[in-house]
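Letters A, B, ... are given to chains in the order of the sequence lines, protein chains preceding strands, and every chain is numbered from 1.
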Amino acid sequence: GQQVMQIPQYQHVQEGEDFTTYCNSSTTLSNIQWYKQRPGGHPVFLIQLVKSGEVKKQKRLTFQFGEAKKNSSLHITATQTTDVGTYFCAAPPGSTLGRLYFGRGTQLTVWP
Amino acid sequence: SQTIHQWPATLVQPVGSPLSLECTVEGTSNPNLYWYRQAAGRGLQLLFYSVGIGQISSEVPQNLSASRPQDRQFILSSKKLLLSDSGFYLCAWSVLWGTRSYGYTFGSGTRLTVV
């Protein structure tokens with residue numbers, strides 16, 4: 001399947017600090033999706049980015065899709081303990097719709 | 001509203017025993033259905049996906065199989081479990097609208113431990 005590389009694998013921050021996770025692909029992506037999985041839970045869909053250079057915000061979360069549609073990032077401003085979990089990016093293989101291949105995720109720990 | 005049900009939540013099975021995990025979706029028609037496996041502390045590995053009744057595509061060769069006997073029912077099976085089959089199994093659905101696909105909705109998952 002298509003490789004979507006995600007870094008870092010782990011991130012530990014103090015509450016109030018910012019956090020960023022990055023996804024990179026060697027091929028152009030038709031779209032990229034982001035999910036959050038709380039400890040012990042299941043992944044929950046956050047957002048989908050489709051357009052080159054797209055930027056979307058959800059409260060303290062900012063999602064970006066690169067101009068070349070080969071990379072994406074999720075940035076959290078002023079983290080809170082409720083942000084704890086693993087954040088995954090996911091993308092379909094080539095132009096095939098439906099299937100998604102997930103990055104390995106970034107596990108975020110927030111210290112109070 | 002759309003909901004997805006997955007059971008059981010936890011399962012402990014001996015090596016060599018059979019497996020059957022069921023997933024059902026409500027509130028939508030002709031969904032794409034998926035089975036993923038997540039090893040402890042790892043990412044999600046796509047196992048099977050289905051675009052319709054009786055249509056199953058396998059992503060990874062293994063001793064698991066999947067079936068879709070009804071539009072909104074997806075079953076993951078094994079005739080003989082291996083220790084390496086342990087993991088967190090997640091069912092998900094999505095809908096395609098023309099050329100647009102939308103985010104997956106995951107079930108709550110089954111934690112399988114093979115002993």
Side-chain angles (χ1 to χ4, degrees), chain A residues 1-11 21 23-25 29-51 54 56 58 63 72 74 84-109, chain B residues 2-7 9-10 21 23 28 30-52 55-61 66 68 74 87-112:
Chain A
Q2 175 171 286
Q3 292 282 337
V4 182
M5 309 304 295
Q6 190 173 356
I7 57 170
Q9 189 172 354
Y10 303 96
Q11 187 77 54
T21 175
C23 258
N24 296 288
S25 171
L29 304 172
S30 59
N31 69 78
I32 194 160
Q33 300 181 14
W34 286 92
Y35 293 76
K36 176 184 179 181
Q37 184 177 22
R38 294 182 184 274
H42 58 275
V44 174
F45 174 70
L46 295 177
I47 208 162
Q48 177 175 253
L49 304 174
V50 179
K51 300 177 182 177
E54 190 169 16
K56 288 188 176 180
Q58 291 179 351
F63 304 85
S72 180
L74 159 59
V84 164
T86 301
Y87 293 84
F88 293 96
C89 61
S95 59
T96 304
L97 298 177
R99 276 181 291 159
L100 279 182
Y101 293 121
F102 283 73
R104 294 193 61 173
T106 296
Q107 186 175 318
L108 173 64
T109 303
Chain B
Q2 302 92 349
T3 57
I4 180 168
H5 302 280
Q6 193 179 341
W7 66 91
T10 306
L21 302 180
C23 170
T28 186
N30 197 31
N32 284 5
L33 296 173
Y34 311 88
W35 280 110
Y36 281 84
R37 177 171 59 199
Q38 185 176 34
R42 303 288 297 275
L44 285 80
Q45 179 187 32
L46 178 61
L47 301 176
F48 301 95
Y49 68 98
S50 171
V51 298
Q55 301 179 60
I56 308 295
S57 296
S58 174
E59 286 286 308
V60 181
R68 186 170 178 175
F74 205 23
F88 189 35
Y89 288 83
L90 291 154
C91 179
W93 72 270
S94 71
V95 175
L96 299 182
W97 294 100
T99 58
R100 291 293 297 273
S101 64
Y102 294 87
Y104 283 11
T105 299
F106 282 88
S108 53
T110 295
R111 296 194 184 279
L112 172 66

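Distance check: I4(B) CD1 to H42(A) NE2 gives 8.5 Å after rounding to the nearest 0.5 Å. If you take CD on Q33(A) and OG on S94(B), they are separated by 8.0 Å, rounding to the nearest 0.5 Å.
For Q38(B), the part sitting under 4.5 Å from any heavy atom of chain A is the side chain, from C-beta outward, and nothing else. Contact annotation for L44(B): both backbone and side-chain heavy atoms come within less than 4.5 Å of a heavy atom of chain A. Using a 4.5 Å cut-off between heavy atoms, Q37(A) contacts chain B through its side chain alone, with no backbone atom that close.
Side-chain atoms of R111(B) come within 3.5 Å of backbone N or O of G40(A) as a donor-acceptor pair. Of the possible polar contacts, one joining the Y35(A) side chain to the Y104(B) backbone as a donor-acceptor pair under 3.5 Å is found.
A centroid separation of 6.0 Å or more is found between the aromatic rings of F45(A) and F106(B).
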task: Could you check L100(A) against Y36(B) for side-chain contact (heavy atoms from CB on, under 4.5 Å), going step by step and ending with a plain yes or no?
output: CA-CA 10 Å; L100(A) 279 182; Y36(B) 281 84; 3.7 Å; yes
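Judged by distance alone, the side chains of E59(B) and Y101(A) do bring a donor and an acceptor atom under 3.5 Å apart.
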